[in-house]
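First the structure, in the form of structure tokens, and then the observations on it.
Order of the sequence lines fixes the chain letters, A, B, ..., with proteins taken first and strands second; residue numbering starts at 1 for each chain.
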Amino acid sequence: MNVIVCVKQIPDPALPGELDPDHTLKRDVKLILDESDMYGVEMALQLVDAAGGGEVTLVSMAPNSEKGGLRTALAMGAAKAVLVSDGSLAGSDSLGTARVLARAVERAGGADLVLTATESTDGYTGTVPGQVAELLGWPSLTFAKKVDVADGKVTIQRQTEAGYDVVEAPLPAVVSVTAGVVEPRYPSFKGIMAAKNKPIDECTPSDLGLSGDQVGWSGARQEIVSVAAAPEREAGEKIEDDGTAHERVVAFLEELKLI
Amino acid sequence: MAIGKVLVFAEADGAAVSSATLELLTKAREIGDAVEAVIVSADAAAVAPQLGEYGAAVVHAADPQGRLSGVVGAAALASVVASSAPAVVLCAQSYDGRDAISHLSARIDRPVLTNAVDVRVDGDALVAQSAMFGGNTLVDTKLTSGQPWLVVVRPKSFAAEPGGAAAGEVVSLGDLELGRSGEAAVLDKHVEEREGPQLEEAAVVVSGGRGIGSAENYGPLVDDLAGLLNGASGATRAIVDAGWVPYSKQVGQTGKTVKPKLYVAVGISGATQHLVGMKGSDTIIAINKDPEAPIFSVADLGIVGDATTVVPRIVEAIRARG
């Protein structure tokens with residue numbers, strides 16, 4: 001079975017975020033693999049293992065030709081990657097991103113299943129999985145906390161407010177996975193060395209048959225009209241626990257009439 | 001200044017319309033000349049009175065027939081968009097809401113603004129506001145695409161108020177064209193036992209972070225305190241990523257927004273990712289070992305201490321009161 005995983009390289013979320021002069025997130029910095037994507041990569045590797053054959057392919061897009069994050073996922077065990085990279089991709093919204101990813105999935109070819117995260121850490125629209133599925137003309141099964149593939153079908157446990165639903169669809173399909181559902185492996189030294197020589201097919205939107213008005217800022221068809229600081233919240237009382245801090249908390253709860 | 005017809009993707013659990021839907025309908029009355037709703041339900045008549053009371057004059061109904069509500073919803077929305085050209089489509093940043101808007105967006109080739117915390121009319125445009133960087137920065141964006149403008153709103157962004165109108169007129173949408181997206185079938189629904197209120201509805205939310213130490217501590221440190229305060233339990237992204245609790249408990253940017261009367265942060269440092277989901281709470285209590293933790297900058301009462309020792313003493317003290 002062949003699985004394609006959509007992955008995103010993002011600015012390190014541990015660093016303070018910055019905006020570019022056009023008010024979009026500053027992305028021409030060192031990019032790393034979005035941690036949210038490690039669950040999809042791990043899930044894909046496990047599904048291919050369970051199927052007894054096939055490979056995991058990555059698809060990604062970036063406004064520069066950053067590959068560091070892809071190498072991380074290749075080191076985990078993915079076989080190869082398609083990276084759509086071009087300056088014209090800067091400012092792409094979720095639909096523009098989905099167009100690129102869907103075409104990249106078609107370029108990679110042969111996928112039985114496409115996995116994505118539920119949402120990226122930096123853009124967090126949560127709309128790309130459904131958009132990619134619709135553009136491919138495939139079913140989408142979102143918010144999966146468990147994924148099984150058998151007999152040409154994918155079956156998931158889909159997270160709900162009340163618990164979960166069991167949802168099934170024939171392959172090929174797009175599945176978005178929630179974090180925490182599998183434990184992503186750490187790349188081994190051997191994996192890291194091997195990743196350096198794994199193929200990354202770098203291409204541009206025009207290689208995929210996409211025109212300039214379908215991606216980037218012009219494709220996004222939106223305009224940021226203002227950026228402002230939000231009102232700050234004031235810090236209140238802060239005490240060191242000397243063994244009696246719980247009494248202050250209980251008194252506070254009494255003042256709020258909660259107990 | 002209003003902006004034409006606003007179509008709301010409504011969600012309900014049986015006959016109970018979700019609070020996020022009522023919030024959207026309330027906002028739709030403010031910005032629109034006319035408000036209609038799409039509901040995916042086998043029994044739309046059961047929800048039409050409440051949808052009408054909050055503003056939906058027409059309730060377009062689609063029967064899920066064992067398929068995913070959001071996917072059926074996208075086809076239903078597309079059908080109404082084609083027949084009556086609404087100016088705006090609003091949906092909630094929920095599981096089914098995101099399915100519906102994402103499929104709709106690709107299907108009708110319209111961009112979508114997500115994570116809106118406010119929506120307003122500016123001249124002949126619609127402006128959506130979203131929060132960035134832990135809620136420190138507010139960004140206003142307007143769509144320059146053709147209509148309908150698609151906006152996804154985070155629940156708890158505005159108050160729900162009934163308009164007092166009669167039940168919405170139910171219009172059945174009949175058979176919808178779903179293509180292969182309709183091949184995803186819901187085989188079974190598992191409802192997990194839950195005591196107390198839902199996370200987004202609760203007056204008190206107690207959330208746990210890495211500082212609770214282990215998955216096993218979530219029950220005694222977070223669930224138990226939430227239970228004693230008749231609240232709901234939540235979590236940071238870090239412990240969801242670690243697999244300690246499911247994604248449905250996640251509070252923050254990639255997760256839920258909560259605005260309870262009281263938010264108790266147990267062993268939470270306060271990454272911007274988390275703060276944006278809870279800093280709208282009326283009152284915040286934080287318990288964390290690190291005196292420099294950012295959570296203290298938003299806390300009304302901050303306890304610098306080890307959550308694994310302080311919280312059991314709080315639980316014990318509340319229990320001792322009987």
Run the side-chain contact (heavy atoms from CB on, under 4.5 Å) check on A:R233 and B:I284 step by step: do they pass? CA-CA 11 Å; A:R233 197 183 165 107; B:I284 297 169; 3.5 Å; yes
Heavy-atom proximity to chain B below 4.5 Å, by part of A:F252: side chain
Counting neighbours of CD on A:E237 that are heavy atoms of other residues, nucleotides or ligands and sit closer than 6.0 Å, is the number greater than 12? yes
If contact means a heavy atom pair closer than 4.5 Å, which residues of residues 179-191 of chain B contact chain A? B:R180, B:S181, B:E183, B:A184, B:A185, B:V186, B:L187, B:D188, B:K189, B:H190, B:V191
Measure A:S94 against the heavy atoms of chain B and call it side chain, backbone, both or neither at under 4.5 Å. side chain
Within the side chain of A:K238, is there an N or O that forms a donor-acceptor pair under 3.5 Å with the backbone of B:P291? yes
At a 4.5 Å cut-off on heavy atoms, which part of A:E254 comes close to chain B: side chain, backbone, both, or neither? side chain
Passes side-chain contact (heavy atoms from CB on, under 4.5 Å), A:L253 versus B:I318? Steps please. CA-CA 10 Å; A:L253 294 171; B:I318 297 172; 3.9 Å; yes
Is chain B contacted by the side chain of A:S140, its backbone, both, or neither, given a heavy-atom distance below 4.5 Å? both
Does A:R158 come within less than 4.0 Å of B:D96, counting only side-chain N to carboxylate O? yes
Between A:I259 and chain B, which part of the residue has a heavy atom less than 4.5 Å away: side chain, backbone, both or neither? both
pair B:V112-A:T125: side-chain heavy atoms closer than 4.5 Å: no
Where on B:K256 is there a heavy atom nearer than 4.5 Å to chain A: the side chain, the backbone, both, or neither? side chain
List the atom pairs, donor and acceptor, that lie under 3.5 Å between side-chain atoms in residues 32-39 of chain A and the rest of the protein, sequence neighbours left out.
residue, atom, partner, partner atom, Å
A:D34, OD1, A:S36, N, 3.0
A:D34, OD1, A:S36, OG, 3.2
A:D34, OD1, A:T121, OG1, 2.6
A:D34, OD2, A:T121, N, 2.7
A:D34, OD2, A:T121, OG1, 3.3
A:S36, OG, A:T121, OG1, 3.2
A:S36, OG, B:R237, NH2, 2.9
A:D37, OD2, A:K8, N, 2.7
A:Y39, OH, B:D241, O, 2.9

If I measure from the heavy atoms of chain B, does A:F143 come under 4.5 Å with its side chain, its backbone, both, or neither? side chain
CD/B:E201: more than 12 non-hydrogen atoms of other groups inside 6.0 Å: yes
Donor-acceptor pairs under 3.5 angstrom involving side-chain atoms of residues 216-225 of chain A: please list them, not counting sequence neighbours.
residue, atom, partner, partner atom, Å
A:W217, NE1, A:D22, OD2, 2.8
A:S218, OG, A:G212, O, 3.1
A:R221, NE, A:G219, O, 3.3
A:R221, NH1, B:D109, O, 3.1
A:R221, NH2, B:D109, O, 3.4
A:R221, NH2, B:D109, OD1, 3.1
A:Q222, NE2, A:A220, O, 3.1

Show the numbers, then the answer: is there a side-chain contact (heavy atoms from CB on, under 4.5 Å) between A:L135 and B:R107? CA-CA 8 Å; A:L135 291 167; B:R107 197 167 168 143; over 6 Å; no
Which atoms of A:L136 are under 4.5 Å from chain B, going by heavy atoms: the side chain, the backbone, both sets, or neither? neither
Which pair of heavy atoms, one from B:A131 and one from A:Y124, lies closest together, and at what distance? O-OH, 2.9 Å
Residue by residue, which of residues 111-119 of chain A have a heavy atom closer than 4.5 Å to a heavy atom belonging to chain B? A:T118, A:E119
Begin with the C-alpha distance, continue with both residues' side-chain angles, and end with the deciding distance and a verdict on side-chain contact (heavy atoms from CB on, under 4.5 Å) for A:K145 and B:Y247. CA-CA 9 Å; A:K145 54 186 217 163; B:Y247 175 71; over 6 Å; no
Taking side chain as everything from C-beta outward and backbone as N, CA, C, O, which of these in A:R99 sits under 4.5 Å from a heavy atom of chain B? Side chain, backbone, both or neither. side chain
